Amino acid sequence: MIKKCMQQVRKTAPLVHNITNYVTVNDVANILLACGGSPIMSDEAEDVEDITSICGGLNINIGTLHKTSIEGMFKAGRKANVLGHPVLLDPVGAGASALRTNTALRLLKEIQLTAIRGNMSEIRTLANGSGTTKGVDADIADIVKEENLEEAVAFVKKFADETKTIIAVTGAIDLVSDGKQCYVIRNGRPEMGKVTGTGCQLSGMMTAYLTANPENHLEAAAAAVCAMGLAGEIGFGYMCKGDGNATYRSRIIDAVYNMTGEELERGAKYEVL
């Protein structure tokens, strides 16, 4: 199924509307092109409904909020709901400020979300209604490890069931659940944390996977997480003396571009609980 989900993206070339942050907007566009999708970026309130109407999926990222973009998020989200398009929320930095937290909570309440992708601190903030994060990074107490894996899986399953939304928690160990099953994924490299925007890129790519696989949203979300983590592994393998995080960023995008379904099937490291 992981292989098929990837192949569907290449086959259907889904057009994804991204309301994303200006720190990583170019990288999100490039990762979508690399995985076989197509990106459109627009957060202007007067523009977003038309843009969402011609796309297949919507990716909402709250990383760099301003009043106009917030209005655009809700307009685009409501339009996507009317059209039956998948909507993904990336609650970047939820818990770090009142504006971010309240915006994310309102989106969760007012928009029918297909998936939410974030680190554990961000997801706990949404579940609890408040919280703290270290900027856009997870609080150390929230990092998913082997020692707290059982507890983390139970939490993610419960929140997914309550919200009727696929919850994807990414970190050293990734968790993707629809409330019934939970994919525990161990792909990736710690060095990916030194590249700004790998999470934002994954959210864009995951939206493409969800759009291309309407009957298999859980598997599609898990496949996207596996593909991004595997790209981190492959890209790191090509690093040379003198290379740094700027080169690594490009290596990851190149790895996504060149990855085949067979390669993903072989390299995906996951179990389903």
Side-chain angles (χ1 to χ4, degrees), residues 1-18 27-40 55-59 85-88 90 114-115 117 166-178 180-189 191-192 195 197-239 248-273:
M1 184 58 74
I2 296 288
K3 171 184 173 181
K4 182 179 178 182
C5 287
M6 176 190 225
Q7 291 173 333
Q8 278 297 106
V9 178
R10 307 274 193 200
K11 179 180 178 181
T12 61
L15 186 59
V16 176
H17 177 194
N18 301 273
D27 289 343
V28 173
N30 277 319
I31 206 79
L32 274 163
L33 291 169
C35 78
S38 185
I40 294 183
C55 292
L58 173 63
N59 170 34
H85 295 173
V87 181
L88 181 143
D90 187 337
T114 308
R117 191 222 62 83
I166 292 168
I167 303 298
V169 175
T170 51
I173 299 174
D174 305 313
L175 307 176
V176 182
S177 178
D178 64 352
K180 300 179 182 66
Q181 295 179 303
C182 184
Y183 279 76
V184 179
I185 301 167
R186 294 180 172 84
N187 285 106
R189 294 279 313 186
E191 294 84 0
M192 295 175 77
V195 178
T198 52
C200 299
Q201 290 176 66
L202 174 55
S203 291
M205 188 161 74
M206 187 181 291
T207 308
Y209 272 62
L210 293 169
T211 304
N213 295 276
E215 305 301 320
N216 298 293
H217 280 159
L218 175 63
E219 291 80 6
V225 173
C226 289
M228 190 68 184
L230 182 59
E233 296 171 14
I234 294 169
F236 190 80
Y238 283 103
M239 295 288 278
Y248 189 32
R249 164 189 161 277
S250 297
R251 299 284 191 205
I252 292 170
I253 295 171
D254 287 346
V256 170
Y257 181 86
N258 289 299
M259 192 180 297
T260 64
E262 291 76 15
E263 189 174 19
L264 176 59
E265 196 73 56
R266 289 194 306 269
K269 303 168 189 171
Y270 66 90
E271 58 181 319
V272 183
L273 300 179

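As the structure is a computational prediction, the values presented were derived from the model and not from experiment.
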How long is the span from the [atom1] atom in [X] to the [atom2] atom in [Y], to the nearest 0.5 Å?
X	Y	atom1	atom2	answer
Q201	N59	CD	CG	11.5 Å
C5	L264	SG	CG	9.0 Å
T207	H85	OG1	NE2	13.0 Å
S250	Y238	OG	OH	15.0 Å
T114	I166	OG1	CD1	7.5 Å
C226	K3	SG	NZ	15.5 Å

| Tell me, which pairs form a salt bridge (Lys or Arg N to Asp or Glu O under 4.0 Å) where one or both residues lie in residues 264-273, sequence neighbours left out? | R186-E271, E233-K269
| Can Y257 and N30 be said to form a side chain to side chain contact (heavy atoms under 4.5 Å, CB included), step by step? | CA-CA 9 Å; Y257 181 86; N30 277 319; over 6 Å; no
Determine the minimum heavy-atom distance between [X] and [Y], stating which atoms define it.
X	Y	result
L210	A115	CD1-CB, 3.8 Å
V256	A231	CG2-CB, 3.5 Å
R10	A34	NH1-O, 2.8 Å
S203	L88	CB-CD2, 3.6 Å
L32	P39	CD1-CB, 3.7 Å
M192	T198	O-OG1, 3.6 Å

Taking [Y]'s backbone N and O only, do any of them form a donor-acceptor pair with [X]'s side chain (distance below 3.5 Å, no angle check)?
X	Y	result
N213	A220	no
R251	M239	no
T12	A212	no
D174	G171	yes
N18	V16	yes
H17	L58	no
D178	Q181	yes

| task | Please determine which of R117, M206, M228 meets the side-chain contact (heavy atoms from CB on, under 4.5 Å) test together with T170. | result | R117
Would you call [X] and [Y] a side-chain contact if the rule is heavy atoms closer than 4.5 Å?
X	Y	value
L230	I234	yes
V28	M205	no
I185	L175	no
Y183	E219	yes
V225	N187	no

| task | Give me the ring orientation class for Y248 and F236: parallel if the planes are under 30° apart, tilted from 30 to 60°, perpendicular past 60°. | result | perpendicular
| field | E215: salt bridge (charged side-chain N to carboxylate O under 4.0 Å, His left out) partners, not counting sequence neighbours | value | none
